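Just so it is clear: chains get the letters A, B, ... in the order the sequence lines come, proteins before strands, and each one is counted from 1. This structure is a prediction, so every number in the text was calculated from the model and none was measured.
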Amino acid sequence: MKTCIKGGRVIDPANRRDAIGDVWMEGGRIIAPPASGEADETFDASGLVVMAGGIDIHSHIASANTNTARLLLPEQHRAHARRPAATPLSNAGWSTFETGCLYAQMGFTTVIEPAVSPHQALHAHLELADIPIIDKGILTILGNDDFILGAIRDGESPAVIRDHVAWTLQSARALGIKAINAGGVAAFKENMRSFSFDDVVPSYGVTSRQIVKALQAAVHERGVPHPLHLHCNNLGLPGNVETALATIAAAEDLPLHLAHLQFYGYGNEGPQGFSSAAPRLAEALKTAPNVTIDVGQVMFGQTVTVSSDVLRQFMARGQAHPKKYAIIDGDSNGGGIVPYEYKAGSFFNAVQFAVGLELFLLIEDPQRVYFTTDHPNGAPFTAYPDLFALLMDKDLRAEWISRLPPAALPVTTLPSLTREYSLYEIATMTRVAPARLLGLPDRGRLEPGARADVAIYRPGKDLAQMFRAAARVYKDGDLVVHDGAVTHYRFGRALNVAPEVDAKMERRMARYYDERYGLKSDFMRVPEGALGRAEPFEGVACRG
Amino acid sequence: MARRRFSNVDSGAWIEGEPAPLEHVVSVAASLLSGSRQPLLTGMGTDIEGARAAMTLAEQIGGVIDHMHSTAVLRDLDSMRETGVMLTTPVEAHVRADTVLLVGDQLLESWPELAARILGSPLRRRIIWLAPASNAKLSGYEVETTRLVVGSGAKRAAALASLRARAKGCPVANLFLPLAQIDAVAETLRAARFGVAIWSAAALDALEIETINGLVRDLNEMTRFSTLPLPPPDNGAGVLAACGWMTGFPMRTGFGAGMPVHDPWRFDTERLVAEGETDCVMWISALGASWPAWGEAPAIALCDAAAAFAREPKARITVGRPGVDHDAVLHNPDTGSLVATPASAPSEAPSVAQVLALIAARLAGQRAAA
């Protein structure tokens with residue numbers, strides 16, 4: 001069946017297209033306009049904006065830690081409405097089902113859960129399997145685990161790290177590798193209470209710098225499209241811009257992705273010893289074209305921080321609101337769940353809010369800065385529409401800024417920034433750029449052959465409303481959202497890379513798990529049949 | 001009238017104790033559920049697929065979801081959601097714990113591998129057992145164990161409170177144990193490099209659990225200490241996880257309002273049955289031959305062939321054992337995670353998920369016909 005989305009403003013930065021035109025789909029793919037010009041179904045999109053489906057590279061939507069957060073905070077996600085009968089559990093607050101619906105309604109069709117311990121991969125994939133509509137994937141965590149730390153300590157060859165990365169990716173069915181406070185979480189188990197880039201993990205004698213560089217090189221050399229996804233040391237601390245700058249410098253020329261950089265954009269100047277250092281980061285990134293970042297924007301309101309940076313979360317436990325938390329010393333990274341309320345009237349939160357927006361506005365290339373809120377750490381992903389509106393409208397920003405504590409303004413440059421994102425730049429940042437960064441060549445674009453993931457928005461004065469409730473969303477050519485509401489479920493797939501695994505590494509890991517843990521090395525495997533959905537996976541190619 | 005003569009048959013389906021074709025029993029079960037004003041799906045001794053199917057069905061019929069070990073599950077969970085917790089995994093405890101604080105009874109019963117994986121490891125660990133079961137032995141494990149024998153109930157709670165106080169350096173009075181003994185243990189805990197407290201919520205009350213969690217929080221002001229509450233049997237931790245991601249809530253969640261509502265008191269199986277607030281109980285227990293503690297016969301049972309009820313259920317279907325008759329995902333107490341468990345002796349016996357899918361399809365058919 002040929003479908004024609006007719007006469008919309010098609011914004012497709014992958015093809016430098018921003019013009020009134022048609023988009024044709026058939027069999028789940030975008031097609032060239034047929035010679036006959038005849039469609040089986042036509043949707044008149046005149047006056048509407050047509051984009052590829054949005055892609056979120058970093059959102060904590062499905063993991064054992066996320067689930068602990070749900071169970072920790074029953075008071076924060078009461079259901080608010082009786083369900084529409086067609087879409088089971090879609091009104092269950094913070095359920096996997098609601099997550100899929102909310103993303104789809106905003107026009108997002110691919111979302112990556114960025115922090116899954118290899119031992120908890122099956123749990124994460126089971127949650128993903130219950131997220132309807134969108135495609136998804138996980139990044140799996142290395143860098144605080146005994147194997148990698150031991151291999152670096154023992155001076156093993158880079159080939160061993162590479163093979164272990166491949167083994168872990170395949171075991172966890174992951175799309176990439178993440179390191180979270182590399183070495184710092186292992187050091188916390190030995191009672192270190194702070195950990196910087198050149199600090200040494202006691203039992204291993206290795207530094208965060210060594211771990212990061214080893215993983216960064218291994219991921220790159222193994223041909224994994226997504227570069228090492230790094231959560232740096234010293235998250236959230238005044239003066240931590242130095243850590244981020246040292247990390248950027250250490251990346252040298254290899255690709256590196258820095259997650260939620262806002263949380264590292266802090267100087268220690270001003271009357272409170274806390275200031276924005278976003279301009280320094282933006283400046284450093286100009287000369288480091290190999291480094292991409294996502295922002296981790298803070299938006300005001302109650303949320304919960306969910307992180308595998310156990311050290312940081314433990315140190316932040318005193319700020320829990322409400323006053324409760326779960327700190328989990330896991331097999332490698334574990335997790336920390338600390339509820340938190342960002343207040344517009346708080347000097348510190350206002351500076352954080354400003355740092356995020358400064359990064360967006362000061363980094364000129366929308367292909368290198370991603371729009372995350374580090375859901376739910378800076379704000380829930382449902383705040384994206386408001387965030388996009390803030391980026392696109394300097395008057396709206398001025399209005400928000402006017403509500404911030406005046407003392408916060410002199411320690412940031414935000415009030416002086418007048419840049420406004422265009423729809424084209426928003427489409428770049430949310431569509432084609434993340435597809436490239438994740439190595440997904442048929443997503444984030446609307447040319448023939450691309451996946452028919454299409455979001456159609458109704459533009460209006462209220463930019464946030466435009467992005468909050470898409471007029472229509474097609475997933476693989478199937479109309480799943482109509483006037484901002486999900487019409488029915490379909491289940492997407494988990495994207496994963498499967499680099500070839502050396503048989504020697506297989507044997508070595510079997511021996512390692514037996515000797516160190518007394519366990520079989522396949523306990524964390526994710527068999528397709530365990531997930532209860534047809535074809536739950538989709539392979540993503542590594543570079544040859 | 002008790003009809004137990006079929007309780008040893010290893011497969012099949014029954015209506016009030018009489019063998020019947022599976023389709024017929026499914027159809028009777030569907031009618032019982034659709035005719036019910038407040039159905040209850042409980043027991044819930046099932047794998048993740050079974051839990052997912054039960055939750056989906058419960059939403060469709062406005063039912064309540066509970067688990068046979070919810071009381072213990074919620075004791076641990078309540079402590080977390082009231083005040084917060086430090087947790088670790090059995091894997092990390094295995095490789096790292098230099099000090100282990102065991103509290104109360106039902107430890108080896110809850111996790112038989114506790115002895116081999118934590119107590120009997122080659123690592124030198126200091127073991128303290130507060131309020132051990134009177135006859136409990138860590139047989140075969142030549143470990144140095146300090147025992148604080150205080151009995152149970154208020155004395156055990158008071159001993160835990162004094163231990164927390166002394167570990168923090170606070171004065172205490174009205175001791176049930178000599179101060180020197182408590183202080184020695186407190187000192188051992190403070191000297192731990194990475195300690196782990198282990199208990200079974202089935203054996204402790206909520207206040208005791210909160211006291212242990214508080215003790216561990218205090219200890220982390222100076223050293224590293226964590227906890228390993230033992231998971232309940234019958235995949236209680238796995239069902240909890242699936243409830244969490246599917247509804248946002250733990251078990252004891254009802255869908256009667258057209259949306260999930262969690263209420264540990266209102267949706268407690270025993271209370272619902274005792275107060276007559278449910279008119280149709282579906283008992284699900286595929287992981288053992290357990291049956292409802294309240295003695296009343298459930299209307300519908302998806303259970304092990306060996307389960308014996310006071311009276312035969314109206315509809316009874318023997319289901320396969322997860323991880324034995326069919327592949328399954330179960331919470332594994334050795335790893336503290338969900339683990340894919342291949343069938344050890346594959347059989348044709350239907351899984352809980354399959355039977356629930358048949359019932360759901362039947363209900364959909366009934367609705368379509370109406």
**Q** Measure distances from B:V329 to the heavy atoms of chain A and classify the residue's part below 4.5 Å as side chain, backbone, both or neither.
**A** side chain

**Q** What residues of residues 326-333 of chain A sit under 4.5 Å from chain B when you count only heavy atoms?
**A** A:A326, A:I327, A:I328, A:D329, A:G330, A:D331

**Q** If you count heavy-atom pairs under 4.5 Å between each of B:T88, B:V85, B:L338 and chain A, which one has the most?
**A** B:V85

**Q** Which residue, A:H77, A:H125, A:H123, forms the ring-ring contact (aromatic ring centres under 6.0 Å, His included) with B:W245?
**A** A:H123

**Q** Please rank B:D327, B:T223, B:L77 by heavy-atom pairs under 4.5 Å with chain A and give me the top one.
**A** B:T223

**Q** Could you have a look at B:R52, B:E49, B:M86 and say which one has the most heavy-atom pairs with chain A under 4.5 angstrom?
**A** B:R52

**Q** On a heavy-atom basis, which atom in A:F523 and which in B:S337 lie closest, and how many Å separate them?
**A** CE1-OG, 4.1 Å

**Q** Return yes if some donor-acceptor pair links the side-chain N/O of B:R224 with the main-chain N/O of A:M192 below 3.5 Å, else return no.
**A** no

**Q** Residue by residue, which of residues 527-535 of chain A have a heavy atom closer than 4.5 Å to a heavy atom belonging to chain B?
**A** A:P527, A:A530, A:L531, A:G532, A:R533

**Q** Check each atom of B:T83 against the heavy atoms of chain A and say whether the ones under 4.5 Å are side chain, backbone, both or neither.
**A** backbone

**Q** Identify which part of A:Q120 has an atom lying under 4.5 Å from any heavy atom of chain B, answering side chain, backbone, both or neither.
**A** side chain

**Q** Quick one: closest heavy-atom pair of A:R70 and B:G244, and the distance?
**A** CD-O, 3.2 Å

**Q** Between A:N91 and B:G258 (side chain of the first, backbone of the second, donor and acceptor by atom type, cut-off under 3.5 Å), is there such a pair?
**A** yes

**Q** Relative to chain B, which segment of A:K189 carries a heavy atom at a distance below 4.5 Å: side chain, backbone, both, or neither?
**A** both

**Q** What part of B:V339 is in contact with chain A, defined as an atom under 4.5 angstrom from a non-hydrogen atom: side chain, backbone, both or neither?
**A** both

**Q** Please classify the contact of A:R317 with chain B as side chain, backbone, both or neither, using a heavy-atom distance under 4.5 Å.
**A** side chain

**Q** In terms of heavy-atom proximity below 4.5 Å to chain B, should A:F314 be classed as side chain, backbone, both, or neither?
**A** side chain

**Q** Would you mind checking which part of B:N332 comes under 4.5 Å of any heavy atom in chain A, side chain (CB onward), backbone (N, CA, C, O), both or neither?
**A** neither

